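Okay, structure first, notes after.
Because the structure is a prediction, the values reported are computed rather than measured. Throughout, protein chains are lettered first and strands after them, A, B, ... in sequence-line order, and every chain is numbered starting at 1.
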Amino acid sequence: MISRRRFLVLVGASAAMAMLPLQISAKSIGSEAKNEAKRRWAMVADIEKCTECMRELIKKTGNEEVKPPCVVACDRENNVPEFEEKEIDPQWMRIVKFKNKFGEEFYVPLLCNHCENPPCAQVCLTQATFKRSDGIVEVDMHRCIGCRYCMIACPYGSRSYNFKDPREGLREVNPKVPMRTKGVVEKCTFCVHRVDEAIANGREPEPACVEACRKYGKNSLVFGNVNDPNSGISRILKESIVIQLRPELGTDPHVYYLPKR
Amino acid sequence: MPENLEPKKIEFKKIDGSSFGYFALVAILALLTAAGIAAYALDRMYHLSGLSNRVPWGVVNAGIPYFIGLSAGSLIVSALAGVFKIKRFKVFSRIAAFFAAAYIVAAISSIVFDIGKLYHFANAIVYFNPTSIFSWNAFFYSSYFVICALYLLAQFEEMERLTRFFACLAVFWAVLVHSGTGAIYSFMYSRELYHSALTPPMFIVCAITSGLGLLIATLYFTFKFTKRDLEIRLLRELGLIFAGLTAVLGYMLAVEGLEKGYIPAVAPATKFVYLNPYHGIFWSFWLLVIFGIIIPFLIVVYPRTGFDPRFLSLAGILHAAMVMAERFFLIVPGQVYPSEYLPGYEIESLHTLEGYIVSYTPTIFEWLQVIGLLSGAFLAFVVAAKLLPIIPEKAVVVEE
């Protein structure tokens with residue numbers, strides 16, 4: 001038979017044990033896992049500058065769907081084909097107009113967000129989509145079976161499927177970027193070939209869109225290593241409030257947007 | 001259950017298969033299957049489907065959960081005899097188990113038809129991804145087929161205990177396979193209209209109803225065609241299970257729709273899906289509710305039609321056909337309705353169709369692929385009935 005004293009001790013001990021994990025978990029909330037690699041690539045787009053650029057271009061050309069220099073450079077650099085039918089036309093980088101109910105309108109570029117927790121890599125049947133240690137999310141087209149599950153999983157609509165052979169929609173080919181085939185999924189790679197080449201040669205990498213933006217004189221897009229506290233992008237992220245798309249999903253996208261001031 | 005309902009000894013017998021009707025049936029089914037394969041080949045070559053970068057999954061993809069559902073449902077009926085020891089259903093156990101195996105082949109063929117790079121398919125095994133639900137399912141589907149085949153084999157050999165073991169294993173596996181298939185879609189947190197914890201259990205219910213529905217019709221026509229006796233009471237009992245679960249399916253659909261409509265963030269999308277008659281999605285849902293759930297349910301419970309095997313078959317076929325609409329309804333709306341990238345802002349893409357409600361109309365080439373696969377499963381059954389003893393000589397209840 002259990003004595004009263006023993007019973008009380010047991011009750012007290014179990015109550016204390018029940019409290020313990022609560023306190024530990026309360027402390028641990030908020031400590032986010034950080035990518036500890038030497039490099040973690042990311043991009044910032046300045047909404048004000050992008051909107052200004054797009055307004056000028058639309059006014060100049062009269063074309064509501066004009067492609068700005070960044071998109072043109074991306075298409076050319078990465079052999080992104082151009083097809084008449086918008087439904088099946090692959091587009092790695094594209095411009096969208098955001099508008100709210102108060103009539104505010106602005107233009108931003110959309111591209112693969114190179115998420116810290118990429119849903120596309122999570123669902124990929126064959127690990128064809130994978131995240132490199134430097135954060136770049138890539139598709140291995142030799143492994144891709146073309147099931148398009150990643151397109152369903154991607155919260156940012158960043159992926160395109162090759163319904164047609166991309167070569168049919170290309171006028172010129174950049175030999176530095178591998179040509180994809182029909183029946184696989186493709187998307188922005190942060191110009192991984194340029195990144196690797198620059199690192200090998202000890203230079204600062206610059207994707208094609210960022211280069212085009214700089215040469216056009218807008219300097220809206222900034223690319224860099226967020227794990228280097230002295231990089232340009234780290235300074236921007238430290239000093240300003242930035243927007244991520246759909247942050248509530250926990251994907252931690254690494255394309256940031258500087259809001260209008 | 002009263003003892004006198006149990007049949008004495010079941011004799012399974014091959015059919016003759018020498019009549020003109022038999023060969024005509026084989027020819028028609030073979031033709032439809034061939035048409036499906038041809039449609040697949042043409043679609044691969046010239047992109048003849050209605051798919052796009054906004055709607056990358058269409059009816060051929062819907063064929064995967066559809067056939068898995070028919071398979072799981074058929075298997076659970078077959079196992080009624082083995083698992084729950086309801087001996088009078090043993091007469092159906094071979095037919096149902098055969099269809100379970102045939103439908104799973106059709107489901108795997110749907111994946112084969114749907115993927116873009118068939119000759120990379122082995123990568124799904126070589127580079128298995130443990131975080132991918134689809135990756136797990138590829139394993140489940142193939143193992144499930146093996147279990148179904150062994151279960152059928154144990155029945156042919158009349159090995160009682162082994163049959164029972166495989167029946168239990170197969171039911172467990174059917175639930176696993178089907179929940180997994182539901183999770184392929186419903187775990188997609190990036191699409192509000194996909195994301196629901198209710199989908200996997202709903203898949204199980206839907207599997208049993210569609211599998212059972214088609215089985216009732218198949219049994220009726222098989223016994224009629226082979227001129228063998230079929231006791232109406234057995235069919236009626238299957239019909240009652242069918243009607244009950246159809247009501248459960250309707251209940252689950254109602255809960256899901258109401259919950260989604262209650263969330264202000266998802267309400268506009270829900271309203272578009274359920275209440276906008278200018279889009280095919282609306283029709284896929286309401287046709288399912290009316291012709292797939294309400295009418296079949298009423299047919300079974302109404303005494304004048306509920307005891308008539310022709311009407312029971314009609315109810316089963318109606319429901320099984322409309323479950324295809326349910327799969328469409330599950331897969332398409334979440335893709336057609338645009339996602340909100342930045343809260344409070346509408347999107348208009350300049351270079352893609354992001355931000356717009358896009359349309360998806362399945363083409364005849366996509367439908368032919370699904371019909372071809374279904375015909376393929378029935379073709380296998382018709383041929384197997386001649387080669388293997390799967391149809392009982394008579395399915396009657398012995399009164400003493």
Side-chain angles (χ1 to χ4, degrees), chain A residues 54 64-67 71 85-91 93-101 104 107-108 110 119 121-128 141-149 151-157 159-164 181-185 243 245-246 248-251 257, chain B residues 44 46-47 49-57 61 111 114-129 131-138 184-185 187-191 194 331 334-335 338-355 358-360:
Chain A
M54 280 310 293
E64 285 282 339
E65 295 178 359
V66 65
K67 282 188 173 176
V71 177
E85 312 96 312
K86 253 190 186 176
E87 310 84 67
I88 61 157
D89 179 36
Q91 200 65 48
M93 190 183 206
R94 62 270 183 218
I95 306 293
V96 297
K97 184 159 80 177
F98 278 106
K99 43 182 192 182
N100 72 359
K101 60 179 175 184
E104 189 203 1
Y107 293 91
V108 293
L110 290 185
Q122 190 182 12
V123 303
C124 181
L125 253 83
T126 59
Q127 303 184 37
M141 67 134 178
H142 299 293
R143 225 183 245 198
C144 175
I145 58 170
C147 72
R148 311 182 291 286
Y149 198 12
M151 297 175 75
I152 299 290
C154 177
Y156 310 105
R159 293 176 157 257
S160 310
Y161 176 76
N162 285 321
F163 288 99
K164 289 183 180 178
T181 55
K182 185 178 166 179
V184 297
V185 173
I243 298 171
L245 298 181
R246 307 186 75 181
E248 74 281 3
L249 296 177
T251 51
Y257 296 93
Chain B
R44 272 293 151 277
Y46 306 110
H47 175 56
S49 68
L51 299 178
S52 64
N53 277 326
R54 299 273 70 80
V55 187
W57 277 1
N61 188 285
I111 304 178
D114 196 45
I115 63 174
K117 276 256 180 265
L118 188 54
Y119 61 91
H120 287 182
F121 202 14
N123 287 351
I125 300 151
V126 180
Y127 304 106
F128 181 83
N129 181 5
T131 61
S132 169
I133 301 157
F134 216 146
S135 222
W136 278 103
N137 275 300
I184 289 180
Y185 304 96
F187 281 17
M188 286 305 103
Y189 45 86
S190 57
R191 292 172 196 264
Y194 268 46
I331 292 172
Q335 304 175 67
S339 308
E340 197 178 49
Y341 291 168
L342 192 60
Y345 287 88
E346 271 178 40
I347 325 163
E348 262 176 35
S349 175
L350 275 58
H351 308 123
T352 57
L353 293 175
E354 280 159 281
V358 289
S359 68
Y360 164 67

Between Arg143(A), Glu65(A), Lys164(A), Gln91(A), the one whose heavy-atom pairs under 4.5 Å with chain B are most numerous: Arg143(A)
For the student: nearest non-hydrogen atoms of His120(B) and Cys144(A), plus distance: ND1-O, 2.7 Å
Residue pair Asn123(B) / His142(A): nearest heavy atoms and the distance that separates them: ND2-O, 3.5 Å
Contact class of Tyr119(B) relative to chain A, heavy atoms under 4.5 angstrom: neither
For chain A, the option from Val55(B), Asn137(B), Ile184(B), Val358(B) that forms the most heavy-atom pairs under 4.5 Å: Ile184(B)
Atom pair CE (Met151(A)) and OG (Ser52(B)), whose distance is rounded to the nearest 0.5 Å: 8.0 Å
Under 4.5 Å from a heavy atom of chain A, the part of Phe128(B) involved: backbone
Nearest-0.5 Å distance that lies between atom CZ in Phe134(B) and atom OG1 in Thr126(A): 11.5 Å
Test item: Asn100(A) side-chain N/O and Gly344(B) main-chain N/O as donor-acceptor pair under 3.5 Å: no
Part of Glu348(B) within contact of chain A (heavy atom distance under 4.5 Å): both
Exercise: identify the closest heavy-atom pair between Tyr189(B) and Gln122(A): OH-OE1, 2.7 Å
Heavy-atom check, side chain of Val96(A) versus side chain of Tyr341(B), under 4.5 Å: no
Interatomic spacing from CD in Glu346(B) to NZ in Lys97(A) - rounded to 0.5 Å: 10.5 Å
Atom pair CZ/NZ of Arg44(B) and Lys182(A) - distance to nearest 0.5 Å: 8.0 Å
Distance (rounded to the nearest 0.5 Å) between Arg191(B) CZ and Cys154(A) SG: 8.0 Å
Segment of Tyr107(A) engaging chain B (4.5 angstrom heavy-atom cut-off): side chain
Note, Leu245(A) side chain near Leu342(B) side chain (heavy atom, < 4.5 Å): yes
Distance in Å, Leu353(B) CG paired with Glu85(A) CD, rounded so as to fall on 0.5 Å steps: 11.5 Å
Test item: His351(B) side-chain N/O and Val66(A) main-chain N/O as donor-acceptor pair under 3.5 Å: yes
Which atom of Arg94(A) lies closest to which atom of Ser349(B), heavy atoms considered: CG-OG, 4.2 Å
Minimum heavy-atom distance Leu249(A)-Ser190(B), with the two atoms named: CD1-CA, 4.2 Å
Minimum side-chain heavy-atom gap Val123(A)-Met188(B) below 4.5 Å: yes
Which atoms of Glu64(A) approach chain B - backbone, side chain, both or neither, heavy atom under 4.5 Å: backbone
Nearest heavy atoms of Asn129(B) and Ala121(A), plus distance in Å: ND2-O, 3.1 Å
Heavy-atom side-chain contact between Pro56(B) and Ile152(A) under 4.5 Å: yes
For Thr181(A), side chain to side chain donor-acceptor pair (under 3.5 Å) partners two or more places apart: Lys117(B)
Close side-chain approach of Phe163(A) to Asn53(B), heavy-atom, < 4.5 Å: yes
Which residues share a side chain to side chain donor-acceptor pair (under 3.5 Å) with Thr251(A), sequence neighbours left out: Tyr156(A)
Plane angle bin for Tyr149(A) and Trp57(B) - parallel if under 30°, tilted between 30 and 60°, otherwise perpendicular: parallel
Arg148(A) and Leu51(B), any side-chain heavy atoms less than 4.5 Å apart: yes
